[in-house]
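Here the structure comes first, spelled out in structure tokens, and everything after it is commentary.
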Amino acid sequence: DAGVTQSPTHLIKTRGQQVTLRCSPKSGHDTVSWYQQALGQGPQFIFQYYEEEERQRGNFPDRFSGHQFPNYSSELNVNALLLGDSALYLCASSLWAGGRPQHFGDGTRLSIL
Amino acid sequence: SQKIEQNSEALNIQEGKTATLTCNYTNYSPAYLQWYRQDPGRGPVFLLLIRENEKEKRKERLKVTFDTTLKQSLFHITASQPADSATYLCALGIYNQGGKLIFGQGTELSVKP
């Protein structure tokens, strides 16, 4: 049973560029959440998708957008990249009902030069 | 402002001893609290979940307590082993915010043989 898979594992971009990160949830899960984790910090919630709609959003600018597909997979898009966007981006899947454990992928390490 | 604080200093203990990690929060009324383990370069792995109406949960060598009056959770690892060395994250789930998790910054645990 495959867990959460993310691609790519590493990415290097320059300021002003755009990036798309991808996530396939654990089999049987219908909800995908995205988190940003800076070095030495805990993950920060970006947004959550269920039934192809954004259901919750954290304190992130509109440069961060996402999408969920009918097969529950998801993409995170970041436009106009800033140096401060350098971080580990984590995808987590779960069942929609609240209070469930989240299953995380190993993330995409994004470096902005 | 709303805060979640974990032991900011790394915790160093001897093999066989009990490790106790602290998670304090202010200005939240969490519906539940989760603990995760994170190894370097990997995504967080779910360990335990405790709900607001529960005082204590156990799983093998792990125990978590939840005191909503003190606004504190304690996470214990008994008979600790070097393989328990990792960063441990606490995360709050809030009513009416779906599966959104608010993470603390994590505590790094090192168990010496």
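Order of the sequence lines fixes the chain letters, A, B, ..., with proteins taken first and strands second; residue numbering starts at 1 for each chain. Keep in mind that the numbers below use all heavy atoms, side chains included, and drop hydrogens, waters and symmetry copies. Keep in mind that this is a model prediction, so the values were computed, not measured.
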>> Is B/Leu101 close to chain A through its backbone or its side chain, or both, or neither, when contacts mean heavy atoms under 4.5 Å?
In response: both
> Side chain, backbone, both or neither: which part of B/Glu108 has an atom under 4.5 Å from a heavy atom of chain A?
Replying inline: neither
Min side-chain heavy-atom separation [X]-[Y] under 4.5 Å:
X       : Y        : answer
B/Leu47 : B/Tyr88  : yes
A/Thr9  : A/Asp106 : no
A/His29 : A/Val4   : no
A/Gln37 : B/Phe103 : no

> With only heavy atoms counted, which part of A/Tyr50 is less than 4.5 Å from chain B, the side chain, the backbone, both or neither?
Replying inline: neither
> Non-hydrogen atoms of chain B under 4.5 Å away: do they reach the side chain of A/Gln56, the backbone, both or neither?
Replying inline: side chain
>> Which one wins on heavy-atom pair count under 4.5 Å against chain B: A/Ser33, A/Ala38, A/Gly107, A/Pro43?
In response: A/Pro43
> Which of the residues A/Arg109, A/Gln44, A/Gln6, A/Arg100 is involved in the greatest number of heavy-atom pairs with chain B at under 4.5 angstrom?
Replying inline: A/Arg100
> So, B/Gln34 versus A/Gln102: side-chain donor-acceptor pair below 3.5 Å or not?
Replying inline: no
